[in-house]
Amino acid sequence: MRRDRSAVIERIVRGEGPPLLLVFGDSLRVEQVCKALIDRLIPESDRAFNLERFDGRTNPWEEIVGSLRIAPFFPGRKVVWVENAPYFLSREHKGELSERALELWAEGKRDEAGRLLLDLLAVDGWTQQQWEELQGPAPLYGVAGIEDHAEREEIAAIWAHCRSRGFGIRPRRESEGTGIVELCDGAMPPWSFLLLTAIQVDRRTRLYKKLEEAGAVLFVDLDRDRGRVKRESLLDHINRWASASGKTLEGPAREMILQRAGEALRPLAHELEKLLIYVGEERVIRAKDVAASFSDLGEGWIFDLTQAIGDRNAPAALSQLARLIARGEPPLRLLGTIATEIRRLVTARQLIEGELRGRWRPRMSYDQFQRTVLGGEGPLFGRNAYADYKTLQRAEQFSLAALRSLLAAVHEADFRLKSSGQPARLVLERLILELCLGRGVSCSSARVVRA
């Protein structure tokens with residue numbers, strides 16, 4: 001159950017409630033809550049002595065408890081902040097841990113992904129000796145529950161990174177959870193406050209349930225639906241940012257930001273600041289400004305590749321493919337993205353020839369689309385109304401029969417990637433040329449863009 005963070009902070013400042021707090025969720029919101037709490041508890045001039053920070057993955061629990069028991073140098077409260085607290089993980093949490101490790105790796109957070117992979121091994125019962133004796137990443141696939149070839153390649157890359165960085169496994173001990181419960185029940189020295197933050201939390205653990213019952217948990221994630229961030233939650237954040245910045249967002253610009261926003265606020269905040277710098281004194285932010293300055297987050301890169309394919313713009317699609325391969329995107333993931341786009345185009349074409357006949361016009365503006373086609377309702381077949389609008393426009397480039405033929409080309413490319421031994425880039429380039437120029441085209445018949 002969500003709690004109001006301002007009310008929680010006020011309660012702690014007044015000395016009410018438990019002497020510790022677990023904060024987890026979106027990393028930027030976690031950081032904001034922790035900063036607000038510390039600002040209220042400790043004057044900035046006293047923080048060199050009355051604030052201590054530990055990494056829960058590397059600092060022994062005994063060292064943390066020892067710090068809690070030492071009285072603060074200056075009068076007032078002492079805060080011990082334990083980041084990356086690993087005390088709320090369990091074996092039942094393994095699937096979520098492996099998924100989150102892959103997400104962190106894709107975001108470029110290599111050390112965090114590596115540490116989380118080691119957390120996964122620790123909750124599975126691995127020892128440091130087993131880790132040191134591991135000769136290759138293959139045994140990790142079963143632990144992580146991963147069968148997809150592309151994801152196995154990513155796990156292998158994370159394993160290699162951990163080895164190059166000298167990371168090790170810190171074994172889990174029952175005494176850590178017991179110690180936190182004892183602190184919550186009254187063993188905390190009167191001058192100390194324990195602040196715990198964690199990347200991943202399994203709410204099924206007994207320790208978590210104990211803290212939740214004591215009112216010592218604050219969840220600050222974005223609102224989600226079936227694991228995905230709700231459009232409304234991101235939209236509210238973006239609109240508040242635009243208002244605070246004194247900018248007006250055009251509808252297509254807002255929709256493009258939503259498409260590229262990803263699943264976390266911290267990288268989104270960074271991209272919004274870049275956008276603010278790019279537009280300078282301009283009061284209105286347009287789609288072209290977003291396209292020029294806003295980096296792809298999460299799966300936002302899908303938009304650029306699939307738009308070029310849907311527009312049948314072979315040079316742009318090949319150039320985009322080269323960029324994605326150069327930055328390490330797995331070929332099978334790229335193929336899956338292309339297959340999804342073709343299926344979306346099939347759905348859009350069926351709608352054009354069916355229930356949208358007479359209402360849809362390819363040259364209508366987005367505002368007209370919202371009024372005439374959507375009529376105030378949500379997206380037609382995707383998460384994003386603007387994406388549906390663009391997909392319908394791209395579907396005008398194809399007949400239904402042609403799209404079904406292109407699906408066959410995708411299946412053939414999948415077979416070649418998995419069994420023919422041909423270079424993956426060549427297979428994907430040939431597929432893109434077929435999609436943009438028609439079946440039967442060869443790579444020699446069109447200019448192929450090389451990175």
Side-chain angles (χ1 to χ4, degrees), residues 95 98-99 101-103 105-106 113 117 134-161 299 301-310 312-347 349 398-451:
S98 61
E99 181 179 340
L102 291 171
E103 289 174 358
W105 184 259
L117 177 63
L134 190 63
Q135 298 299 310
L140 305 181
Y141 305 149
V143 178
I146 289 176
E147 298 181 358
D148 181 78
H149 178 72
E151 291 183 345
R152 286 189 172 191
E153 288 182 349
E154 292 176 343
I155 288 292
I158 298 174
W159 168 78
H161 179 73
E299 296 182 352
W301 54 268
I302 291 174
F303 180 77
D304 296 322
L305 176 62
T306 56
Q307 179 176 356
I309 292 174
R312 308 190 85 160
N313 186 338
L318 291 170
S319 178
Q320 181 67 7
L321 173 69
R323 184 176 73 85
L324 292 169
I325 289 178
R327 84 176 193 185
E329 292 292 346
L332 284 173
R333 186 183 180 197
L334 293 174
L335 180 63
T337 298
I338 294 170
T340 299
E341 169 66 4
I342 300 303
R343 294 188 189 101
R344 283 171 56 84
L345 289 171
V346 169
T347 300
R349 189 69 220 181
F398 304 87
S399 68
L400 194 55
L403 287 169
R404 288 171 175 158
S405 176
L406 295 179
L407 274 178
V410 170
H411 293 314
E412 291 169 11
D414 181 68
F415 176 79
R416 288 196 294 269
L417 277 178
K418 294 176 179 177
S419 61
S420 71
Q422 296 179 23
R425 178 166 174 171
L426 182 62
V427 171
L428 291 175
E429 286 176 343
R430 176 179 174 182
L431 173 64
I432 285 175
L433 289 172
E434 289 183 358
L435 299 179
C436 295
L437 305 178
R439 297 301 307 267
V441 70
S442 67
C443 288
S444 60
S445 66
R447 180 174 174 265
V448 176
V449 178
R450 297 287 179 183

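- Atoms CG and CZ, from Leu335 and Arg416 in turn, are 9.5 Å apart once rounded to the nearest 0.5 Å.
- Each of Val427, Leu428, Leu321 was evaluated against Pro331; a single residue qualifies, Leu428, per the side-chain contact (heavy atoms from CB on, under 4.5 Å) test.
- Atoms OG1 and CD1, from Thr337 and Ile342 in turn, are 11.5 Å apart once rounded to the nearest 0.5 Å.
- To the nearest 0.5 Å, the span separating OG on Ser98 from CD1 on Ile155 amounts to 6.5 Å.
- Without hydrogens or angle criteria, Arg152 side chain to Tyr141 main chain gives no donor-acceptor distance under 3.5 Å.
- Checking side-chain atoms of Ser405 against main-chain N and O of Ala401 turns up no donor-acceptor pair under 3.5 Å.
- Interatomic distance, Leu433 CG to Ile309 CD1, rounded to the nearest 0.5 Å: 10.5 Å.
- Residues Trp105 and Leu117 have side chains not in contact (no heavy-atom distance under 4.5 Å, counting atoms from C-beta outward).
- Across Glu434 and Ala409, no two heavy atoms sit closer than the pair OE1-CB, 3.3 Å.
- The closest side-chain heavy-atom distance from Leu102 to Ile146 is below 4.5 Å.
- Pairing each heavy atom of Cys436 with each of Ala308, the nearest pair is SG-O, 4.4 Å.
- Of all heavy-atom pairs between Ala322 and Arg425, the closest is CB-NH2, 3.5 Å.
- The shortest heavy-atom contact between Pro139 and Leu134 is CG-CD1, 3.5 Å.
- Rounded to the nearest 0.5 Å, atoms CG (Leu345) and CG (Leu406) are 9.0 Å apart.
- Here the CD1 atom belonging to Ile432 is positioned 10.5 Å from the CG atom belonging to Leu437, to the nearest 0.5 angstrom.
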